[in-house]
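Following: one structure in structure tokens, then a few remarks.
Each chain gets a letter, A, B and so on, in the order its sequence line appears, and its residues count up from 1. The basis for the numbers below is simple: all heavy atoms, side chains too, and nothing from hydrogens, waters or symmetry mates.
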Protein chains: 2
Amino acid sequence: MLSAARRLLPHVSRVVQHSSVRQEHSLKEVVSAFRSVCGEDGVSTGESVRQQHGKDESVHRCRPPDVVVFPRCVEEVSALAKICNRHNLPIIPFGTGTGLEGGVGALKGGVCFSLRKMDKVLDVHQEDFDVTVEPGVTRKALNSYLRDTGLWFPVDPGADASLCGMAATSASGTNAVHYGTMRENVLNLEVVLADGTIVHTAGKGRRPRKSVAGYNLTNLFVGSEGTLGIITKATLRLYGIPEAVVSAVCSFPSVQAAVDSTVHILQAGVPIARIEFLDDVMIDACNKFSSLSYPVMPTLFLEFHGTENSLNEQVRTTEEITSANGGADFQWALDEETRARLWKARHDAWYAGLALRPGCKAYATDVCVPLSRLPNIIVETKEDLIQNRLTGPIAGHVGDGNFHCLMVLDPDDSDEVQRVHLFTERLARRALALEGTCTGEHGVGLGKRALLREEMGPGAMGVMQSLKETLDPRNLMNPGKVL
Amino acid sequence: MLSAARRLLPHVSRVVQHSSVRQEHSLKEVVSAFRSVCGEDGVSTGESVRQQHGKDESVHRCRPPDVVVFPRCVEEVSALAKICNRHNLPIIPFGTGTGLEGGVGALKGGVCFSLRKMDKVLDVHQEDFDVTVEPGVTRKALNSYLRDTGLWFPVDPGADASLCGMAATSASGTNAVHYGTMRENVLNLEVVLADGTIVHTAGKGRRPRKSVAGYNLTNLFVGSEGTLGIITKATLRLYGIPEAVVSAVCSFPSVQAAVDSTVHILQAGVPIARIEFLDDVMIDACNKFSSLSYPVMPTLFLEFHGTENSLNEQVRTTEEITSANGGADFQWALDEETRARLWKARHDAWYAGLALRPGCKAYATDVCVPLSRLPNIIVETKEDLIQNRLTGPIAGHVGDGNFHCLMVLDPDDSDEVQRVHLFTERLARRALALEGTCTGEHGVGLGKRALLREEMGPGAMGVMQSLKETLDPRNLMNPGKVL
């Protein structure tokens, strides 16, 4: 208790400055107040628990919170937030810690709200294609729960993230080209504000597929990265599981040919479910890591969802287009096992990249540009990597114009660390110069706050800042992130 | 000039109360300041112009503004807004006046910003599937402009509304079940705030298909009904024109059978482009008005977009489903002319309803519920209409759970007017009781402000109110609407 008290002390002294009536509050009281809300085992100040909750999967260093709380229901979240608000303690929501931009680091100490105990799937409405989940439910847990309903939730960022964490970061991933991102798939959110107020962004329990009732609060909180409130419940759209699925791999003579194929496929109205680009370096890494033998060339991984008959047509059209653009013959993954192996290879790209340089760390950058700008930016970026002696295989959700460089670096080589840092800034600015964004799906978090200002300009930044101040006037919600 | 001055006087006197340095400003100066910004013919205080800009297509009575301005560019919009801000004058953005909830009435007088002179299509990026338009461009004008590109913009609320007006009201309509509403189809907005600040919601000139850079400002302004800012430019998603289109009509023994068919069609993954419900009263009205001869029964109008081959399959699956639910044989509209006649009949439903009682006025209500709740609410609503001796044919975008009663009433019959008023409140409350919304697409405007409070509850309403106060602290933007 005492060591926790010491760690919390700076914040308490800040409170003292602001509120003399709070002076008598000792830290013991704060932690004890937390315990009175969510039980003895609902509060931890243990070193290892704090360490676990101070970092995500990025290279940002661990910034442990002072204390971790494990609320069991929204009322507890609200009561805990009220205590934090009273004591001026930062609040950092925590789902699974699978983010990539340092979003969960406790920059100013404070209280991590781990939502893993709230893990119930609350309502599945099969006829209405919707479900409501608590914040600890992950996407794989939901899809496993839904297995017998014929429905699924398709947004798939790779990691088995929590669905409310995915809402908080507006996650997307490989299926977004067809099914949209979290922005298009959240119908309602329950959110706890910094002062403990419970808000239902579309009204409590409401789940119409369409609404224009007042301001779109749902999409204000989707993607707010924990800086406006704690998401404690989400109502999501579901989709019918496709009758049939086929996947294929196709290699191309150039990046341009792969991207042109993508544009033509979309123009032809093929409702492609996944269309993933891997550059030569990445496919080489995947070949080695996943024991595959694809040609070491710019490559598309494709997936088609539909009926048997519609798949035949989708595939035929796609083959004609890729062939006209100089693509090689499709390599098929028709059965589920081969398909699973293919997509596992894609999702293992991270580890494949890491295996290129054993002992190194990986850092995934993320930009998004209009489709037509993709060939230029990828070619320029590959030249930049070579010039600066950097390892950065490229993979991306090419149907959305979104791609990542997986930077593999030696964290002890300060020169290389600096070169990676400068490279990622150049990449982001290249995207900005091409009418794109510095982040298509990883978020702003800690690392892209300066780039966000460049991207948005003073008008939009002013609005964002004023929204933050309105909803979180004391800057308690995940401080130091996004803005 | 003088009469305009007199009309503007109340607002100036309000200014005088708040700001003594403004006392010397005469009204002449305000109008003359407007003229110095957008020219002699860019400002009108004429009675007929003001009347034209004081109402939409609803039954809400005309509330003319004191003056109408016709800016030619965003800089003029900004300069005019600054003048309004200085003089505490309400600002009411005006597109085409085709709204249905009284959104453009100048409740507190003030200045109508007609955006019709800003009518250029600015950039079409064929490979990127996007376009940027000025606020005076209507959806039909855009689609006519796009004709040779193979692309189109599918959101279709029926009226030939301006696209920025459609963004401001988050319009949707018959195609939304497949292509989404304005929420899913706006990539970026240029907005002028009440103080004249120009904001680009996704950063100036940016148009990535996906972004998580900061808060989603775009969707904060989409659907804000002119209460947060004036939309002066929109970047929109485009789609490839489908290779083939077929439409069909099918009648059902009951509302339940029609809705069950809809759910099964969606569950089967048929990518249906339009699925519109018309009740027996509405189909009867359409038959009479548009010289058709469909059975007077609950009816679905359907449309399929795709390739020839995929259409065959979509249609076959749909026919199996409707037949299993007791639907009659499809009546086909294969050629473009028959199809156009069919959808014209659907879009003329308003006039068809009106023709049921010559000399009467129409008022279209709008609610949206989860799909499974549709049969109940429609059956109950039809009983309510009969009990209360009201004429209210029903039509709806059944794939989204969204439907309208087209109330046909004698505006001089105060008893009937009152019965309609009470009926529409009961209908909205029925939707709220079924986890739905009081408005799926028409908006809150003037008529549904009290219902919005019931729907959202104090938490969400508090957030909406605080956002409004943050972005428009003096309540100048379209005052008296939404909140």
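- Annotation: salt bridge (charged side-chain N to carboxylate O under 4.0 Å, His left out) contacts of B/Glu435 (sequence neighbours excluded): A/Arg207, B/Arg373.
- Contact of A/Ser170 with chain B is made through backbone and side chain together, with heavy-atom distances under 4.5 Å.
- Note on A/Met456, A/Met461, A/Met182: by heavy-atom pairs under 4.5 Å with chain B, the leading option is A/Met456.
- Once rounded to the nearest 0.5 Å, the distance linking CZ of B/Arg316 with CG of B/Leu311 reads 11.5 Å.
- A distance-only check finds no donor-acceptor pair linking the side chain of A/Lys210 to the backbone of B/Thr181 [under 3.5 Å].
- For the atom pair B/Asn216 CG and A/Asn216 CG, the distance stands at 7.0 Å (nearest 0.5 Å).
- For A/Leu432, the parts sitting under 4.5 Å from any heavy atom of chain B are the backbone and the side chain alike.
- The residue among B/His200, B/Glu455, B/Arg209 with the most heavy atom pairs within less than 4.5 Å of chain A is B/Glu455.
- Proximity to chain A involves both the backbone and the side chain of B/Asn219, based on heavy atoms less than 4.5 angstrom apart.
- Here A/Asn175 contributes atom CG and A/Ile272 contributes atom CD1; the two are 11.5 Å apart, rounded to the nearest 0.5 Å.
- If you tally non-hydrogen atom pairs under 4.5 Å between each of A/Ala213, A/Gly180, A/Gly240, A/Gly269 and chain B, the highest count goes to A/Ala213.
- By number of non-hydrogen pairs under 4.5 angstrom with chain A, the leading residue of B/Asn309, B/Thr317, B/Val199 is B/Asn309.
- Taken from CG in A/Leu220 to CG in B/Leu467, the straight-line distance is 6.0 Å, to the nearest 0.5 Å.
- Options B/Pro271, B/Gly214, B/Ser224 differ in how many heavy-atom pairs under 4.5 Å they form with chain A, and the most are formed by B/Gly214.
- The CZ atom of B/Phe129 sits 14.5 Å away from atom CH2 of B/Trp152, with the distance rounded to the nearest 0.5 Å.
- Note: A/His442 and A/His404 have parallel aromatic rings, judged against thresholds of 30 and 60 degrees for the angle between ring planes.
- Side-chain atoms of B/Thr232 and B/Glu190 include a donor-acceptor pair closer than 3.5 Å.
- If you measure heavy-atom distances from B/Val482 to chain A, the contacts under 4.5 Å come from the side chain alone.
- Per-residue counts of heavy-atom pairs under 4.5 Å with chain B were compared for A/Gly205, A/Ser372, A/Ser310, A/Ala171; the largest is that of A/Ser372.
- Across B/Pro370, B/Ala460, B/Gly203, B/Gly459, the residue that shares the most heavy-atom pairs under 4.5 angstrom with chain A is B/Pro370.
- Residue contact with chain B, scored on non-hydrogen atoms closer than 4.5 Å, is absent for A/Tyr239.
- The choice from A/Gly223, A/Ala176, A/Ala431, A/Ser211 that makes the most heavy-atom pairs within less than 4.5 Å of chain B is A/Ser211.
- Contacts between A/Leu266 and chain B at a heavy-atom distance below 4.5 Å involve backbone atoms as well as side-chain atoms.
- Under a 3.5 Å cut-off, the side chain of A/Ser78 and the backbone N or O of A/Val74 do not form any donor-acceptor pair.
- Using modelled atom types and a 3.5 Å distance limit, the side chains of A/Asp366 and A/Thr439 yield a donor-acceptor pair.
- Highest contact tally toward chain A, considering only B/Asp400, B/Thr218, B/Asn312, is held by B/Asp400 [criterion: heavy-atom pairs under 4.5 Å].
- The distance from atom OG1 of A/Thr235 to atom CG of A/Leu187, rounded to the nearest 0.5 Å, is 6.5 Å.
- Contact count against chain B (heavy-atom pairs under 4.5 Å) is highest for A/Val444 among A/Ile198, A/Leu451, A/Val444, A/Leu151.
- Contacts between B/Glu225 and chain A at a heavy-atom distance below 4.5 Å involve the side chain alone, from C-beta outward.
- A donor-acceptor contact closer than 3.5 angstrom links the side chains of B/Ser172 and B/Glu441.
- Ranked by non-hydrogen atom pairs under 4.5 Å with chain A, the options B/Thr201, B/Leu238, B/Leu217, B/Val177 are led by B/Leu217.
- Between chain B and the residues A/Val369, A/Thr197, A/Asn402, the largest count of heavy-atom pairs under 4.5 Å involves A/Asn402.
- Looking at A/Leu452, only its side chain comes within 4.5 Å of chain B, counting heavy atoms on both sides.
- Proximity to chain A (any heavy atom under 4.5 Å) is shown, for B/Pro242, by neither the backbone nor the side chain.
- Proximity to chain B is absent for every atom of A/Arg449, based on heavy atoms less than 4.5 angstrom apart.
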